[in-house]
Structure formats: structure tokens, C-alpha cells
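In what follows, chains are A, B, ... by sequence order, proteins preceding strands, each numbered from 1.
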There are 2 protein chains.
Amino acid sequence: MGRSRVQGKHAGLTRDQVLQAAVHLADRDGAAALSMRKLARELDVEAMTLYHHVQNKQGLEDAIVEYVLAESLSPPPPPPASWQQVVAGHADELHRGLAKHPGAVPLFASRTAITPRTLAILEHLLRVLRDAGFAPRTALHLVYAVAGAVVGQHLAYAGEQNQQPADVADLAGDDLPVLAEALAGGPVTMESRLEFTLTALIAGFETLLPGG
Amino acid sequence: MGRSRVQGKHAGLTRDQVLQAAVHLADRDGAAALSMRKLARELDVEAMTLYHHVQNKQGLEDAIVEYVLAESLSPPPPPPASWQQVVAGHADELHRGLAKHPGAVPLFASRTAITPRTLAILEHLLRVLRDAGFAPRTALHLVYAVAGAVVGQHLAYAGEQNQQPADVADLAGDDLPVLAEALAGGPVTMESRLEFTLTALIAGFETLLPGG
DNA sequence: TGACCTCACTTACGGCGTAAGACTAGCATC
DNA sequence: GATGCTAGTCTTACGCCGTAAGTGAGGTCA
């Protein structure tokens, strides 16, 4: 009694509102700080209410991952393009989606989103790669490698942000001359790391092509 | 009162015992199931006692990561070898270490171990790569890419294990013919994925060499 | 002897996820 | 209108969690 809200019993909370608020909360405070109670408070509702829109907390986290992916990955291939461009474009979409919701990144570490939508996108990528000459299984490996690299770099970057800013460059000092030299040009950004990794991966894939 | 243990006040618990038990617990029940209280119970001790040997829970997790790395990574380069062999060997050590403690894998997602030991190993790798013709910064990118790939594949694999065994191969059916074909040869193992990724990465690095 | 240090224990607080169940509004049916 | 059903919400409660704060027993050394 005495809630500030309308207290009408059917407030008309929808699953979409719940998801949107959850993504927002994760973006703001990080995935680790996401709790059912806090999310409910945000929506001016009791915690247990959320369980009508979401199976449990893991279900909520799954839904966040799907939400972020759905927001980022575009299903159709617009113009004819080289497989390199298609793969790089896919990686870039994924990268941008994660960059948009950095708080949700840890959720990607422990789950694989298997939805009709993601499967359709996967199938499309596989088709492009097969048409380019890759065996289907090799193509699957390739897609996994690219997705893993993108998520992995984001994860690593997020982890570093949470760490003491004890500048590694200082530690490097005289004992670690090559490391010091490598860091001389300023800290390594995630973007540059990701770009390097993807460039190397794609170049490596080219050498694996039967005719290459 | 009335504990079953000796109840002598100084039981002689050491940090090493704590760490070993923590790694064991993580291996058995997974990192998510690791709690100060459970760990204390395992050691027949009260939870707060652990705080004499470890700063807090995050400190414990950091220590586990260091422990696993220290157990796995060998610092010296034994015989002269190609940079490709050195890099592949390093990746293999890391892979084996993670495979030995799968429960600890999630802890690697959110932190970068910066210890004198790991820095020394990093320096060594950078030196080998620089001597092979890579610019120091490129070499650093390269090491990050490899480490990220190994940890990423383990993470992805661990995530899949926790998921419904809804056989993707079944879902693939007729709508996703290329995916079905890719999965026809049985499920993709982590080993094969990792090997593929590393092969591609190293092949890609070769193309980035000034003289290559 | 007594001061001090180290290690372990006790108690307590505020959080968490969620099982079980009670209440209520709206709707379909008679 | 009365009845009963359903779905959305709230209440209560349980057993976890990390850890701050305080207590006290043994050992060490002046």
C-alpha cells in the first residue's frame, strides 16, 4: 500500500519494456550490476512481476543478447561483394553492436545465441563463403573464428578497463625494452587490435582457399 | 562452539592452500559457483578467515587466474625455433592450461593478468617476433590476437556446453542447407576450431611481414 | 610479565534469486 | 447481475551471497 505508482493492478508492462529497461540498465551499470530487483525498481514494479515476462534471470540475459544482436546484425546482403568484404562487414556490424552496449558484452561470453534470425544470417554467410570456394565446414570454422575474435577483443578490452590504471608502460621500464618500445606510441586501442586481428584472419583465410 | 575441527585458534592455513582449494572448487563446480563461504567450508574454516589470505573475492579470482597461468606458461624458450613455432607453442600452452581448469575459464574473460612473470613471457615473445622482422607494436598486436583467440574459443565452447542440447543439426533441416552440410561430419570440436583459427592467424601474420 | 601481532571466529547488514501463494481486474459465459 | 477463469501484480519467506566490525586466543619478543 502507498506505492507512488497508479497501483492499478494491470499496469500493462510488456516484455519489450522489460528488455529495453534491462539493456539500458546493463549499459549504465554493467551486466554484473543487473539484478531482478533493481530492474523491477527501475520499472516501478515488484521483482516477481518480471517473472511473467521472462523465465528467470538467465532467460533475461539470453534475451538481452538476442536484443543486441537483432539490433545490430542485418540479414540481407545488399550488393554483390567479395567474401572478404562480406566477412569484414559482418564483423563490423557485430563490433558496432557491442560498442553500442558495452555493459552487455560480458553476457556474450557465456552463451551462443541460436535463434532463427541468427541462424539465417549464419546460413547466408556460409553460402557466400561456399560460393567463394570454401568447404562448408571450413566456412563454419571461419565464421566462428571471426565472431570469436570480435567478442574476445571486446571482452579483453572491458576487462582492462576495470583494472588498476597502473600504467604498464611504466612497469615496462628497462627490464622489458621491447614491450616498452611497443607501447611507446601510446596505449593500444581496441579498434586497432580488432582491425589487426581481422586483417590477419582474413589474410590467413585467403591462403586456405583451394585455389589460393 | 562445537565445531568438529580442532578449534585451536591457529590452524596454520596458508594462502597456497586457499588458492589450491579455490582452483579445485572452480574446476569441480564452475567459477560461478565459487563463493567465499563454500570455499571456507571446504577448508573447514569460517568465511572471514579467508580474508587474511586474500584481499577480497576479486582478489581471489585474480589469484586463480595467475595460478592457472603460472602452472601452464613456461618462461624460457628452449631451442631455437621459428617464430611460428614459438607462437603456436605459446598458444598450445595456454590452451592446455585452460583445458586443465575449465571451470576457471570464465575468470579469464574479465581480467588481464599483469604479473612480473607474465610480463617476462610477453617480453620474450615480443623479442622473438621482433627478431623475425615484426615491428614491436605489430608483435604486441599479434600476441594479443593469439591469446584472445585461445581464450575466446574456450569461452565460446564453455558457453555452448551450458546450453540446451537442442541439436543445431536438426534445426538446420531444409531451410539451412549449407549449415546442415557443414555440420554433417559431426559436431565441431573446440580443438578443431582452435587449430583452424590459429592456422589462419599465423598464415595471416606471415603476409604482414615486411619481407613477406 | 606484558605488549604486540597474527590468525581465526562471531555477529550483523544489506543485498541477491526465486518458490509459494494471495489478491485483483477484466473478460466470457450463463 | 452473478459466476468463474485467467493473467498480471504484489506479499512473504527462504536460503544464499560478500564483507564490515568487533572479539579473543595463541605465539613472539622486549
Side-chain angles (χ1 to χ4, degrees), chain A residues 1-23 25-26 28-65 103-104 106-107 110-111 162, chain B residues 1-23 25-26 28-65 103-104 106-107 110-111 162:
Chain A
M1 51 199 86
R3 268 285 184 303
S4 68
R5 69 186 296 267
V6 193
Q7 188 71 343
K9 287 300 162 159
H10 287 191
L13 188 62
T14 67
R15 178 181 163 94
D16 226 67
Q17 285 171 48
V18 171
L19 286 190
Q20 218 160 314
V23 170
L25 192 56
R28 178 151 54 77
D29 301 347
L34 178 68
S35 81
M36 299 300 273
R37 291 163 127 104
K38 219 183 288 186
L39 176 57
R41 229 175 290 136
E42 207 87 357
L43 289 163
D44 206 2
V45 130
E46 294 304 312
M48 292 310 291
T49 294
L50 301 176
Y51 285 82
H52 281 277
H53 302 282
V54 138
Q55 190 166 36
N56 51 26
K57 194 182 182 192
Q58 184 174 315
L60 176 65
E61 294 176 343
D62 290 348
I64 291 177
V65 168
L107 301 182
S110 52
R111 44 177 48 76
N162 297 342
Chain B
M1 53 197 81
R3 268 287 184 298
S4 67
R5 69 185 297 266
V6 194
Q7 187 73 345
K9 287 300 163 159
H10 288 190
L13 188 63
T14 67
R15 177 181 163 95
D16 227 66
Q17 284 171 49
V18 172
L19 285 190
Q20 218 159 316
V23 171
L25 192 56
R28 179 150 55 76
D29 300 347
L34 177 69
S35 80
M36 300 299 274
R37 291 163 127 103
K38 218 183 289 186
L39 177 56
R41 228 175 292 137
E42 208 87 356
L43 289 163
D44 206 1
V45 127
E46 295 303 313
M48 292 310 290
T49 294
L50 301 176
Y51 285 83
H52 282 279
H53 303 281
V54 137
Q55 190 167 36
N56 51 27
K57 194 181 181 193
Q58 183 174 317
L60 176 66
E61 294 176 343
D62 290 347
I64 291 177
V65 169
L107 300 182
S110 52
R111 42 175 54 73
N162 297 342

Requested in this report: Write down the atom of B:L50, the atom of B:A40, and the distance for their closest heavy-atom approach.
Outcome: CD1-N, 3.8 Å
Query - Whole angstrom value for the distance that separates C1' of C:dG17 from CG of A:L60 - result: 12 Å
Query raised in the report: Given atom CG of B:L34 and atom C1' of D:dC17, what is their separation to the nearest angstrom?
Result: 12 Å
Query raised in the report: Which whole-number value in Å describes the distance from A:Q58 CD to C:dT18 C1'?
Result: 14 Å
Query raised in the report: Which part of the nucleic acid does B:M48 contact within heavy-atom distance under 4.0 Å: base, sugar-phosphate only, or nothing?
Result: base
Query raised in the report: What distance separates B:R28 CZ from B:L34 CG, expressed to the nearest 0.5 Å?
Result: 10.5 Å
Query raised in the report: B:R41 has an atom CZ; how far is it from atom P of D:dC17, in whole Å?
Result: 6 Å
Query - Nearest non-hydrogen partners of A:L19 and A:A63, listed with the distance - result: CD2-CB, 3.4 Å
Query raised in the report: Under 4.0 angstrom, heavy atoms only, what part of the nucleic acid is A:R15 near: base, sugar-phosphate, or nothing?
Result: nothing
Query raised in the report: For the pair made of CG in B:L39 and C1' in D:dG18, what is the distance, rounded to whole Å?
Result: 13 Å
Report task. Among the candidates D:dT19, D:dC10, C:dC16, find the nucleotide nearest to the side-chain atoms of A:T49. Result -> D:dC10
Query raised in the report: Taking B:R37 for the side chain and B:A47 for the main chain, is one N or O donor matched with an acceptor at less than 3.5 Å?
Result: no
Query raised in the report: Taking CG from A:L43 and P from D:dG8, how many angstroms apart are they, rounded to a whole number?
Result: 15 Å
**Report entry** Length of the line joining B:M36:CE and D:dC16:P, which is rounded to integer Å
**Finding:** 18 Å
Query raised in the report: With respect to the side chain of B:K57, which nucleotide from D:dG18, C:dG17, C:dC16 is positioned closest?
Result: D:dG18
Report summary line: Nearest-nucleotide check on DNA chain C, A:S35 vs B:R37; residue mapping nearer the 5' end is B:R37
Query raised in the report: In whole angstrom, what separates A:Y51's OH from C:dC16's P?
Result: 11 Å
Query raised in the report: Would you say A:K57's side chain and A:M36's backbone share a donor-acceptor pair under 3.5 angstrom?
Result: no
Report task. Using heavy atoms to find the nearest nucleotide of DNA chain D for B:H52 and B:Q55 separately, return the residue whose nucleotide is more 5′. Result -> B:Q55
